[in-house]
J.: 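Structure incoming, see below.
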Protein chains: 2
Amino acid sequence: MRSTPAPGSADLPAGSTEPPGVAAASTARSDRTARARIRDAAITRFAADGVAATSIRAIAAEADVSPGLVIHHFGSKDGLRAACDAHVAARIRQAKQQAVAAGAALDPIGALRAASQGPPVLRYLARTLAEASPQVAALVDELVDDAVAYQADGVRTGMLTESDDPRGRAVVLTMWSLGALVLHEHVARLTGVDLTEDPATSGAWVVPATEALARGVLAEEIYDRVRDGFAAEEDGHDGR
Amino acid sequence: MRSTPAPGSADLPAGSTEPPGVAAASTARSDRTARARIRDAAITRFAADGVAATSIRAIAAEADVSPGLVIHHFGSKDGLRAACDAHVAARIRQAKQQAVAAGAALDPIGALRAASQGPPVLRYLARTLAEASPQVAALVDELVDDAVAYQADGVRTGMLTESDDPRGRAVVLTMWSLGALVLHEHVARLTGVDLTEDPATSGAWVVPATEALARGVLAEEIYDRVRDGFAAEEDGHDGR
DNA sequence: CAAACTCCTGAACATGCGTTCAACCCCCGC
DNA sequence: GCGGGGGTTGAACGCATGTTCAGGAGTTTG
């Protein structure tokens, strides 16, 4: 449309997430590139107030730059949002792989909490899980796929029971985990546990959740009835 | 502040949710009061796009009134939002009581789906569960309290197993249910089941969820370990 | 018929928004 | 020293927003 060279067209500048020499000790606030600072500020504000309710000016103020620079780097607010989605997804994938490498692949999101250095990645995820985004949707699909694999491992080692529908169960467990994350404010109010931080500080959430998943909640016969009911419907194609 | 009489100051005009003679048969679209039409339009738009991303003009257009009338009736956009919260909470409480009276008190939210006549109450809930609102928070607290009572009944009739922490388990199950509702778009993409409609049209969600809740997922010993671990931490006050 | 009342509209207001653009600073190669 | 280019600013633009307000139907009451 325009003759301007469209500066922010490249979404990810070739893995430049961190220029090498960043020491963890100093609390330096301007040694990162402005682009990274803006992105992190956007993640913080989006996580706190939601995307629609956050203005570019608020993000610029948090990053200590001018509104114009935000647009210069990301093209538009939508571009910024996409870049945040991509960055958060990348951070979470990376944390996931680290957790797998470390051996603790039990709870998909439990592992992600380790990623809580820097911008509030998990709170951002909690927000955007409810606001349709293709990047987040792809991430969720991956989490489900991974959960299927983890489950297979868990069944082999005897930590998990077998399932009639491994993928269905993976979907259910992933949705329960992520759903609780989205509702972290309600969980915090009801139990005092902040799921976006390390939930092991109190057992008020983890213990009952583990109990439900280990001992079960429903009488086993109920499952047989529900399953057979739907199986009959499938056969008859319309259970009426 | 102003000398204006502030027309919309009364939040709920003395239980006028439905003037008596509304027949369910006719699809009449303008026999309801404009106030009710605006409120339902707002619920629809808020449910579809989120509160922040919905303009008063869009609501006015959907309700076929002028933007001014929206303000006249509800005072402000925040007032409208509060009225929607209150109305949806009332609708859900009512549906819940009906479901209890009808005997099917098993799944707190499953019962709520029956309320899906009129504006998309459940989708509105799914949206606002993630956007802090005191009215919705109070509703969630009620759902948990009710779940505690339902669980006690269920244990008595043998449909549910006993729990070491009934309230904790009620919180967990309620959060899982509501969380899955919030993520209904992801659930629909992954399983084809729309949790905001009647989920019994397919077992792809209900069957694995029932399996997980009935048979359990984790090896039982894991619960003992987790519980004892936290119990030890409680005793020592700091498990280091 | 007119006055009064309720419901409602349409234009207008101020504000804040996302975005644009010309100019500026500062560092780097020459 | 000097030109040039990327990073950055600040003012401005057009627009959509939430809200205000004077008054226009339409019906009821005197």
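Below, each value reflects all heavy atoms present in this structure, side chains not excepted, and no hydrogens, waters or symmetry copies. So that the names make sense, note that chain A is the first sequence line, chain B the second, and so on, each numbered from 1. Not measured: the values here are computed from a predicted model.
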J.: Heavy atoms within less than 4.0 Å of DNA chain D: which residues of residues 48-56 of chain B have one? Give them sorted by number.
T.: Thr54(B), Ser55(B), Ile56(B)

J.: Would you call Asp145(A) and Arg167(A) a salt bridge, taking side-chain N to carboxylate O under 4.0 Å as the test?
T.: yes

J.: When you check every protein heavy atom under 4.0 Å of nucleotides 8-13 of chain C, what one-letter string (B, S, -) results, 5' to 3'?
T.: BBB-B-

J.: So does Arg93(B) pair up with Asp146(B), basic N to acidic O under 4.0 Å?
T.: no

J.: Separation of Lys77(B) atom NZ from dA16(D) atom P, in whole Å?
T.: 16 Å

J.: Indicate yes or no: does Arg32(A) engage Asp40(A) in a salt bridge with an N to O separation below 4.0 Å.
T.: yes

J.: Can you tell me how far the CD1 atom of Ile59(A) sits from the CZ atom of Arg37(A), to the nearest 0.5 Å?
T.: 14.0 Å

J.: Rounded to whole Å, please give me the gap between CD1 in Ile38(A) and C1' in dT9(D).
T.: 12 Å

J.: Quick one: which protein N/O atoms are closer than 3.5 Å to N/O atoms of nucleotides 22-25 of chain C? Pair and distance per line, please.
T.:
none

J.: State whether the side chain of His186(A) and the backbone N or O of Leu129(B) hold a donor-acceptor pair below 3.5 Å, judged by distance alone.
T.: yes

J.: Measure the shortest side-chain to side-chain distance between Arg81(B) and Ser133(B) over non-hydrogen atoms and say whether it is less than 4.5 angstrom.
T.: yes

J.: Please examine the side chains of Cys84(A) and Phe46(A), heavy atoms only from C-beta on, and report whether any two atoms are closer than 4.5 Å.
T.: yes

J.: Might you point out which heavy atoms bring Pro208(B) and Gly203(B) nearest each other, and give the distance in Å?
T.: CD-O, 3.4 Å

J.: What integer distance in Å separates Arg81(B):CZ from dT19(D):P?
T.: 14 Å

J.: For Ile71(A) and dA11(D), give me the distance from atom CD1 to atom P, rounded to whole Å.
T.: 18 Å

J.: Given atom CG of Leu80(A) and atom C1' of dT19(C), what is their separation to the nearest angstrom?
T.: 13 Å

J.: Find the distance between CZ (Arg45(B)) and CG (Asp49(B)) and round it off to the nearest 0.5 Å.
T.: 4.5 Å

J.: Can you say whether the rings of Trp176(A) and Trp176(B) are parallel (under 30°), tilted (30 to 60°) or perpendicular (over 60°)?
T.: parallel

J.: To the nearest 0.5 Å, what is the distance between CD1 on Ile56(B) and CG on Leu80(B)?
T.: 6.5 Å

